Amino acid sequence: MLRYLISRIISLGLSLAVASLVIFFVIEIIPGDPASFMLGITASPETVIALKAELGLDQTPVVRYLNWVSGLLVGDFGISYTYKVPISDLVLDRIQVSLPLAVYALILSTAIAFPVGLIAASKRGEPTDFGIMGFTQLGIAVPNFWFAMLLVLLFAINLRWFSAGGFSGWNAGFWFGIKSLTLPAIALALTQASILARVMRSSLIETLSQDYIRTARAKGLSQRRVLIRHALRNAMIPVLTILGLQFSFLLAGGIIIENVFFLPGLGRLIFQAIMQRDLIVVESVVMLMVFAVILVNFLVDITYALVDPRLRREG
Amino acid sequence: MRVPTQLLFGASLSAFFLAMALLSLIWTPYPVEILNIPSKLKSPDWQYLLGTDHFGRDILSMLMIGARTSISVALVAVGIGVLAGVPLGLAAASNRGSAFDDLIMRGNDLVFAFPSLVIAILITAVFGPSAFNAILAIGIFNIPVFARVSRGAALSLWTLEFILAARVAGKGKVRISVEHILPNITNLLLVQGTIQFSLGILAEAGLSYIGLGAQPPTPSWGRMLADAQTLIYTDPRLAFIPGLAIVAMVLGLNMLGDGLRDYLDPRLRKMRP
């Protein structure tokens with residue numbers, strides 16, 4: 001296990017290093033001169049030089065890259081050019097919206113998908129199963145931002161149960177914050193839940209065809225007991241994989257959903273930064289997102305190895 | 001009889017949108033470049049079958065050209081994924097366990113850490129928004145998908161006797177990959193292509209909705225929804241039509257993919273939930 005862990009950690013470090021190189025290359029090398037790019041064509045040469053000095057762009061790319069990465073490692077993301085504040089402050093502020101939203105959506109989708117997938121698998125081939133499969137097929141086809149608009153139309157405009165957007169911070173109270181994140185989280189969770197329920201169902205059906213399940217049935221256990229005590233645990237591995245893989249989609253979906261509901265999260269931050277050509281913010285926030293995805297996949301890998309010793313041999 | 005029904009339904013739904021997109025090349029009920037403010041926000045009637053938007057543009061015409069935008073972006077993105085991903089996957093499989101194989105697989109993992117939206121953000125930050133961005137971003141994300149699928153399928157083929165026979169006959173790795181492996185994974189690639197096509201439609205809609213895809217005045221379903229959102233209090237009707245179009249198109253493609261999979265090779269059913 002220790003060998004496996006070490007090899008995974010090395011590969012985690014390598015992935016992060018390559019990812020940071022790619023991002024640095026796209027943002028700082030491709031535009032040629034980031035400072036004049038950020039200021040636009042109307043800027044005078046003096047301001048460009050001043051900004052270069054301010055951002056440290058007068059140094060060689062290698063030095064700049066090393067400075068950026070060593071800053072990231074200690075939580076120093078640089079200074080935003082438009083906001084004139086440390087990017088780490090901006091990120092800390094915005095992550096209080098984005099992270100709870102992602103976690104909320106994950107909880108919702110898991111809470112829906114597990115029982116639904118379980119019911120579909122246990123009623124395989126029956127009308128209930130067909131109904132569930134049809135519904136999840138639809139759930140996969142619905143774009144989450146359109147579903148978000150429909151939710152706003154129904155629950156915010158017609159029924160007036162929720163506000164149509166905005167987030168007033170956690171200071172107004174925990175439940176108030178949760179309430180403003182509810183519609184966005186439902187919108188994000190729909191696709192996730194549909195995919196997860198389908199994976200859950202097919203994984204359970206696969207497991208239920210195993211010999212040891214027949215043995216369990218043969219010794220007289222009830223269907224329910226076989227399903228929950230014996231099949232469920234083994235069916236969880238593919239489900240875990242999908243959960244891990246989908247984190248990146250959840251993160252990406254969150255960026256769009258934040259725009260539907262005008263939530264001040266990382267997604268809004270990155271869009272404002274693009275509009276204002278604040279490349280420094282884009283660079284660091286994208287790196288943070290990629291870091292999150294890579295880290296989650298690393299954790300999922302480690303979790304499997306803990307759950308299933310056979311998987312430790314790979315890697 | 002359930003399987004052919006699904007295939008037929010998915011195929012006709014997809015064909016319907018394809019026909020709509022192709023028709024828009026030669027004819028649309030109204031031109032969409034011309035603003036016609038006097039007839040703005042009209043409800044559907046015999047003159048405007050689906051009504052008009054806030055600029056007085058005919059929704060049906062917008063929808064037809066939007067289908068063309070979506071389909072062309074998603075199609076080219078699938079093309080990029082196939083053209084770059086399949087050779088990589090085949091090459092990796094034919095050199096199983098080598099440093100090259102390892103490099104390809106690690107590279108795959110790396111690209112998976114960049115969701116297409118994040119790639120689009122990076123490209124847009126530097127080059128500005130355009131439909132080309134959407135194609136590139138979705139296309140890049142498709143490469144590891146096809147590389148992984150073709151590698152996995154090719155690996156199991158390489159253990160079979162007919163490949164061994166080809167090797168004994170003196171054929172090289174490249175020739176075996178092209179002449180024996182590739183024809184045997186086309187079905188799988190066709191199914192995966194359909195799935196990626198439908199994901200591409202969704203991704204394109206999302207990108208153009210947040211302004212990172214097709215730019216005005218080019219109509220796209222995502223942009224139509226973005227416009228509709230600003231009018232959601234006064235005219236919610238505008239939000240329904242493009243959304244339903246996306247759902248119908250994606251649903252059709254997914255059913256086509258599932259139907260093809262079951263029809264071409266029932267054994268493939270296990271590979272996707």
Side-chain angles (χ1 to χ4, degrees), chain A residues 11 14-15 18-19 22-23 26-27 30-31 37 137-138 140-147 149-150 152-153 157-158 164 191 195 197-203 206 238 242 245 248-249 251-253 255-256 259-260 267 270-271 273-275 277-279 282-283 285-286 289-291 293-294 297, chain B residues 2 6 106-107 109-129 141 198-199 201-207 209-212 221-222 225-226 228-229 232-233 236 239-240 242-255 258 269-273:
Chain A
S11 126
L14 274 177
S15 309
V18 178
V22 170
I23 294 170
V26 172
I27 296 287
I30 290 181
F37 177 84
Q137 183 79 271
L138 200 63
I140 292 172
V142 173
N144 54 18
F145 63 92
W146 183 57
F147 186 54
M149 284 167 70
L150 296 183
V152 168
L153 202 57
I157 296 176
N158 286 332
T191 315
I195 297 173
R198 292 173 83 88
V199 175
M200 184 82 191
R201 171 185 177 274
S202 62
S203 176
E206 176 94 34
I242 299 294
L245 276 178
S248 67
F249 292 103
L251 206 65
I255 297 178
I256 299 184
N259 278 281
V260 182
I270 219 166
F271 274 100
I274 288 178
M275 297 311 159
R277 297 190 164 199
D278 195 340
L279 289 184
V282 176
E283 188 178 49
V285 177
V286 165
M289 287 179 168
V290 171
F291 170 73
V293 173
I294 293 179
N297 287 330
Chain B
R2 192 173 64 87
Q6 189 186 26
R106 291 283 158 251
D109 290 345
L110 189 73
V111 181
F112 274 127
F114 289 81
S116 53
L117 184 69
V118 172
I119 300 178
I121 287 172
L122 276 177
I123 303 174
T124 312
V126 176
F127 295 106
F141 194 73
S198 93
L199 289 176
I201 300 279
L202 276 176
E204 192 277 334
L207 288 176
Y209 168 76
I210 50 174
L212 298 187
W221 293 346
L225 283 174
Q229 196 185 1
I232 200 161
Y233 287 94
F240 286 108
L244 284 175
I246 298 172
V247 172
M249 169 107 209
V250 172
L251 200 63
L253 283 168
N254 284 342
M255 292 178 87
D258 287 355
R269 297 190 82 163
K270 277 187 188 167
M271 301 196 64
R272 186 174 169 247

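The chains referred to below are lettered A, B, ... by the order of the sequence lines, with proteins before strands, and numbering in each begins at 1. Here the structure is a predicted model, which means the values were calculated and not measured.
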Quiz item: Quick one: does A:Trp146's side chain have a donor or acceptor within less than 3.5 Å of a partner on B:Gly222's backbone?
Solution: no

Quiz item: Considering only heavy atoms, which portion of A:Phe147 lies under 4.5 Å from any heavy atom of chain B: side chain, backbone, both, or neither?
Solution: neither

Quiz item: Between B:Gln229 and A:Val260, is there a donor-acceptor pair closer than 3.5 Å when you use the side chain of the first and the backbone of the second?
Solution: yes

Quiz item: By a 4.5 Å heavy-atom criterion (distance strictly below it), what part of A:Leu138 contacts chain B: side chain, backbone, both, or neither?
Solution: both

Quiz prompt | Heavy-atom closest contact (A:Ser15 atom, B:Leu110 atom, distance) | solution = O-CD1, 3.4 Å

Exercise. Measure A:Ile256 against the heavy atoms of chain B and call it side chain, backbone, both or neither at under 4.5 Å.
Key: both

Quiz item: So which part of A:Val290 gets closer than 4.5 Å to some heavy atom of chain B, the side chain, the backbone, both or neither?
Solution: both

Quiz item: So, do B:Phe114 and A:Val293 sit near enough that their side-chain heavy atoms are less than 4.5 Å apart?
Solution: no

Exercise. Quick one: pull up CG in B:Leu225 and CE in A:Met149 and give me the separation to the nearest 0.5 Å.
Key: 5.0 Å

Quiz item: Checking heavy atoms, do the side chain of A:Ile27, its backbone, both or neither come under 4.5 Å from chain B?
Solution: both

Self-check item: Interatomic spacing from CD1 in B:Ile210 to CD1 in A:Ile274 - rounded to 0.5 Å
Solution: 8.0 Å

Self-check item: Pick from B:Asp109, B:Ile121, B:Leu212 with the largest number of heavy-atom pairs that fall under 4.5 Å of chain A
Solution: B:Ile121

